[in-house]
Structures are given as C-alpha cells and as structure tokens.
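Right, one structure below, let's go through it.
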Amino acid sequence: MAYKGTIYAINCASGGLDHSYNIDAIPPTNFVVPSRNINLHEGGRRKRGGTDKVNGSAISGSPSVVGMCDYKLSSGAKFLVLATSDGRIWKNYTTTIATGLTAGKYYSMASAGDMLFITNGEDAPMTWDGVAASASAMTNIPSDWVGTNFPKQFVFHGAGASQRMWALGFADGSVYASYNDDLDDFSDAHVVNLRIYTGDGYGIVGGVEFGDRLIVFGKRQAYIIDDTSTTTSEWGYSATQWFGGVAHHRLIVRTPNDIVCMADDGTIYSVVAAEQYGDYKAASLTRPAHIDIWINENVNMAQIDKFHACYDPVLRCIYFFMVRSGDTNVSMALVYFIDRQPNEAWVVHDNQSYDSGYRAYSSAIVEESTGVYRVYTGCADGYVWKLNEATRSDAGNGYYAGFKTPPLNIENPRTTKMFNQGRVVYRPSGLYEMNVNIWIDGQTVPSTTVSLAGQGAVLGAFVLGKDVLGGAQLLDSSFPIGKIGKRVQLELYNSVAAQDFFISQLLIDCKNMGASSD
C-alpha cells in the first residue's frame, strides 16, 4: 500500500556546520554540534579519511615537529625537511642537517633556485642545497640582523625580470628583498629594504605572493608591494583598500584563486572578497554559518600563536588547526571546503579519544609520488602523520563521525506530526551500520540503528550487489521513530574503526495531525 503521509527530504549534497542560536533559521540541510569528522567534497556526507604515522620510528629524542617542507630539487632529488622543538633540522626523519637552534620556535621554510631557506625568527637564518651534509647560516645578511632580530618568514617573489627572496616578520615593519637572481645575498650592498609603518607595534607578520603581487600583512592592515620598476629606489608600497590583517604567517593560505587569512580576533576571511567589500569583516567566511560564534565558544584564542593552516588540493579544503578551549596544544582542525558557499562549507575534524594527525604542531602539503598529494602534519613525540587515509581509522583506532540535524519543524512549527520513520539513502561499502539518536520536541526517545549493508554478502574487498557486479550504487534503509510532536531532531554517527559511510539523502516519513487551538 502506498504511503499517504509527507516524505520530508534532506539533500545531503548540501549543508555544513551551522552554529546559529536561532534554530528555526538553520537550513534543514545544515547540521549542528556535535557533528564532525565528515567530508563534504564528494556530493554527500562521507566519513573523513583516517590518519596514520608516516615514520615507523620516532625521531630521535621524540621532539615535537614544529616545521616541515617538501623540498624538491631540479635534479628530481626530494627530501622531507623537518624542524623539531629541540632546535634541530632533519632530512627524512633520521639525519640532522642543523643542531643547536633555539628550542620551542616555529619555522618558515621556502625553496627556490635549488636552495632551501630556513628561519625561525630567533636564530640566524640558514640555507641548504640538498647536497651538503649540513645547512649553513647565511652570511650575506643585513648588518641589522643581529641578536634575535631575524626574519620569521621567507617568501619567493618575482616581478618582470626580477627574481628575489623576501624576508618578513620584523616588528619595525621592515621588508627585505635579496639581490636580483642571487637569492641568498641580503648584504647591505645589495639588499632592498622597505619599511612599512603599521602603527601597531607588531610590524609585518607575514606575506604571500598572489599572481604577480606580493601582499604583506600586519595584524590590522595589509599592504601591496610595488616592485614593478627596474629601479629599486622607486619601489614602495600601498595599503590595501580593505581593513584587516592576519594573526601570523602560518595562518595565511593561498588557494588556486584566493588567499584566506585568519585574523587575531578569530575571523577567517577571503582576501579576494575583502578587496571587493573593503572590509575583512564583510568578507568573513565564518559569519554566514555563525562559525565565528563556534570559534568564540570552542577555541582557545589565547593560544593562537600555535595555530596553523594548510590547503589540501585533493579535497579542495583548508585545514585550520586550532587549540580547543581548555587545552593548550592543537587537537583539532576547522575545515573549510572552498567549492561550497560559506554558509555550508565548514566541518570539524578531530579525535577526542585517541591520538591522531590532528594533534598537529605543523602542516605541509607533500607530493608522495608524481601527481599524488597529501597533507602531512608534524605532531608530538617525534612523529609525522598523514591525513585522509582510506583506512577510516586513526592509527587503527576509531573516531566519532556523524551529523546532527537542527530541530526540524517540517516547514510548520505550529502543527503536530506523527513521525513514523526515517530513511537514509546511501552508497554501500560494507556490512556497516550507523547509530541513530532521536529527539522529539527536545525530549530523547529510544535510540536505534540503521543498516548500511549492500545487497548480498561481503566478498573479499567488495560487496556483492555494488556497481562492480552490476547492482545499485545507491540504496536506502529505514529506521523507526513512531513518536508524535512538532519537531524532530536526528543524529546519525559511526565510531567503528575501518568502517565507512556515504549518505546521499535523509528522509523522514510523517503525517500532519493539525494544530491545537491552545
């Protein structure tokens, strides 16, 4: 017999985390806390990939990995260069190329012209050519690079025939450019020094090349370097038309068509949009889904110096690694999927029970093989982790992955409904299930489960009845509700290691019972 009630459909190709206090204003496609550990780039909601250690044995002394760079020479030689909290620089986990640096500092590394530049803002910067047994302290440096007055960041930038390494991160606002085509020559005779008066006491804290422009940031304002003239004495800068800066250089992220920054007040904004609107607040990526409120409630902003960010070109998302409220070290990532609108682009990745690649002191994109890229994170105890593993586990351990709808009034908060059952449309990947928690008008009702099994038995690494064998690619499975109320709220999750899910739609069968006269 055909069902005669309403079938309320939620398209899971849409939606992201939303933290609005006005629950009726949250779109039904969005989800609320504690939703986390799902990916949004495949046209549905899928359990995030797992994380695992890259190096089988810890780096000697088990230090924290506080900087990393995927360094590749024109010869094809390749190294993963790591900086550790005990003041050492490593190539490929086991061989030191520098020791005796100041402990507890974060690092910037930039490569160009088969030379790797390494700096931490406290020690004299170093270079390494990938051949020598050790990195060397730079000698052709400005006379005012003394004591602890050293750059915090290097950025390679060229305009026209000019190709220079730029040194940033000085409290007096100084920006230094190397001698043209001699990237490690910052000597007084050849260096170009522009001093930008930020007026805030912090100076220039970071920069990035975007197109043919070098954009440098203070904490309150950004500036565009004008280095188009062939005469360096004619170089200068101009303040951008938008108001807004960045907390530090590790929170500047370049994507294929934008720059995304996190300011020291927690606002994450688009530079391209800021140029259009003239104000970083108006260009906020966090405000449309009220993620700014979520950050205020869930993030320890006093630890922002430990935050860092990295763009993943495969998932096309940005990981903002942050410190949770009550903690002092990074333990989670707020993830922004750049192909979605800001009101449905956010989700949290973490593991609140076990160690994972999200407890990260540093991050970098690494080319594992030709055309294969992965985000690596530097973590505590001398380990490097990689994200988005097909294992769907964190070093063999499970994690909560799921989403919780806002309270759904089925387009009418006034009427009472009989909520008969729910149904998920899913892509089968094994004999798995999801747990389902249910609330009716805010009251908990008995929880249940919903099967995500395919048609037939599991055969080796695939499920009989899936597309390989000609069966349906999307199936649906129901779960009971059987309660009366005005609003229903559902939470679906899986916490089992090595299990996956992909949800296409969530359906709710209900019958309108009318409104009372009270």
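Numbers for residues simply follow the sequence, beginning at 1.
- In this structure, Tyr358 and Val330 approach most closely via the heavy-atom pair O-CG1, 3.6 Å.
- A donor and an acceptor atom, one from each side chain of Thr267 and Asp265, are located under 3.5 Å apart.
- Using modelled atom types, no side-chain atom of Asp185 and backbone atom of Ser178 make a donor-acceptor pair closer than 3.5 Å.
- In summary, of the residues considered (Arg392, Arg48, Gln352), a side chain to side chain donor-acceptor pair (under 3.5 Å) with Asn37 occurs for Arg48 alone.
- Using a 4.5 Å heavy-atom threshold, the side chains of Thr198 and Tyr223 count as touching.
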Run the salt bridge (charged side-chain N to carboxylate O under 4.0 Å, His left out) check on Arg220 and Asp264 step by step: do they pass? CA-CA 9 Å; Arg220 302 289 181 268; Asp264 61 0; 2.7 Å; yes

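- Residues Val260 and Ile268 are in side-chain contact: their nearest non-hydrogen atoms beyond the backbone lie under 4.5 Å apart.
- Note on Arg374 versus Glu389: salt bridge recorded, some NZ/NE/NH1/NH2 to OD/OE distance being below 4.0 Å.
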Starting from the C-alpha separation in whole Å, work towards a yes-or-no answer on side-chain hydrogen bond (donor to acceptor under 3.5 Å, both in side chains) for Thr102 and Asp123. CA-CA 7 Å; Thr102 302; Asp123 300 297; 2.9 Å; yes

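- Here CG of Asp172 is found 6.5 Å from CG of Asn149. Values are rounded to the nearest 0.5 Å.
- One side chain, Trp90 or Thr84, offers a donor N or O that lies under 3.5 Å from an acceptor on the other.
- No side-chain heavy atom of Asn351 sits less than 4.5 Å from a side-chain heavy atom of Met332.
- Between the side chain of Arg36 and the backbone N or O of Pro34 there is at least one donor-acceptor pair closer than 3.5 Å.
- Using a cutoff of 4.0 Å between basic side-chain nitrogens and carboxylate oxygens, Lys386 and Glu368 are scored as salt-bridged.
- A cation-pi geometry, defined here as NZ or CZ lying under 6.0 Å from the six-membered ring centre and within 45° of its normal, does not hold between Lys404 and Phe31.
- Using a cut-off of 4.0 Å between Lys/Arg side-chain N and Asp/Glu carboxylate O, Asp350 and Arg324 are scored as salt-bridged.
- Annotation: cation-pi pair Arg250/Tyr106 present, NZ/CZ under 6.0 Å from the ring centroid and within 45° of its normal.
- Figure legend: cation-pi geometry between Arg46 and Phe501 absent, as NZ or CZ is not positioned both under 6.0 Å from the six-membered ring centre and within 45° of its axis.
- Trp166 is not listed as a side-chain neighbour of Gln153, based on a closest heavy-atom distance of 4.5 Å or more.
- Between Asn120 and Lys152, the side chains place no donor N or O within less than 3.5 Å of an acceptor N or O (distance only, hydrogens not considered).
- Of the inter-residue distances, the one linking Met165 atom CE with His157 atom NE2 reads 12.0 Å to the nearest 0.5 angstrom.
- In this structure a side-chain-to-backbone donor-acceptor pair under 3.5 Å is missing from Tyr399 to Asn494.
- In this model, a donor atom of one side chain and an acceptor atom of the other lie less than 3.5 Å apart for Thr240 and Gln221.
- Using a 4.5 Å heavy-atom threshold, the side chains of Phe502 and Glu42 count as touching.
- A donor and an acceptor atom, one from each side chain of Thr127 and Asp184, are nowhere located under 3.5 Å apart.
- The existence of a salt bridge linking Arg316 and Asp339 is confirmed by a sub-4.0 Å separation between a basic side-chain nitrogen and an acidic carboxylate oxygen.
- No side-chain donor-acceptor contact under 3.5 Å links Asn300 and Ser325.
- Outside the 6.0 Å centre-distance limit, the rings of Trp346 and Phe337 are not counted as a close aromatic pair.
- Side chains of Asn397 and Asp394: no donor on one and acceptor on the other come within 3.5 Å.
- Side-chain contact check for Phe186 versus Tyr179: every heavy-atom pair is 4.5 Å or farther apart.
- Within the 4.5 Å cutoff, the side chain of Val208 has heavy atoms near those of the Phe217 side chain.
- Side-chain contact between Tyr176 and Val192 is absent, with no heavy atoms from C-beta onward closer than 4.5 Å.
- With no hydrogens or angles considered, no side-chain donor-acceptor pair links Asn22 and Ser20 at under 3.5 Å.
- The environment of Phe79 atom CZ is dense: over 12 non-hydrogen atoms of other residues, nucleotides or ligands sit within 6.0 angstrom.
- Residues Asp226 and Thr228 have side chains that bring a donor and an acceptor to within less than 3.5 angstrom of each other.
- For the residue pair Thr286 and Ser284, a side-chain donor N or O sits within less than 3.5 Å of a side-chain acceptor on the partner.
- Between Glu234 and Ser229, the side chains place a donor N or O and an acceptor N or O closer than 3.5 Å (distance only, hydrogens not considered).
- Aromatic rings of Phe170 and Trp145 (six-membered ring for Trp) have centroids within the 6.0 Å cut-off, being under it.
- Note that CD of Glu209 and CD1 of Ile259 are 9.5 Å apart. Values are rounded to the nearest 0.5 Å.
- Between the OH atom of Tyr319 and the NE2 atom of His349 there is a distance of 6.0 Å, given to the nearest 0.5 Å.
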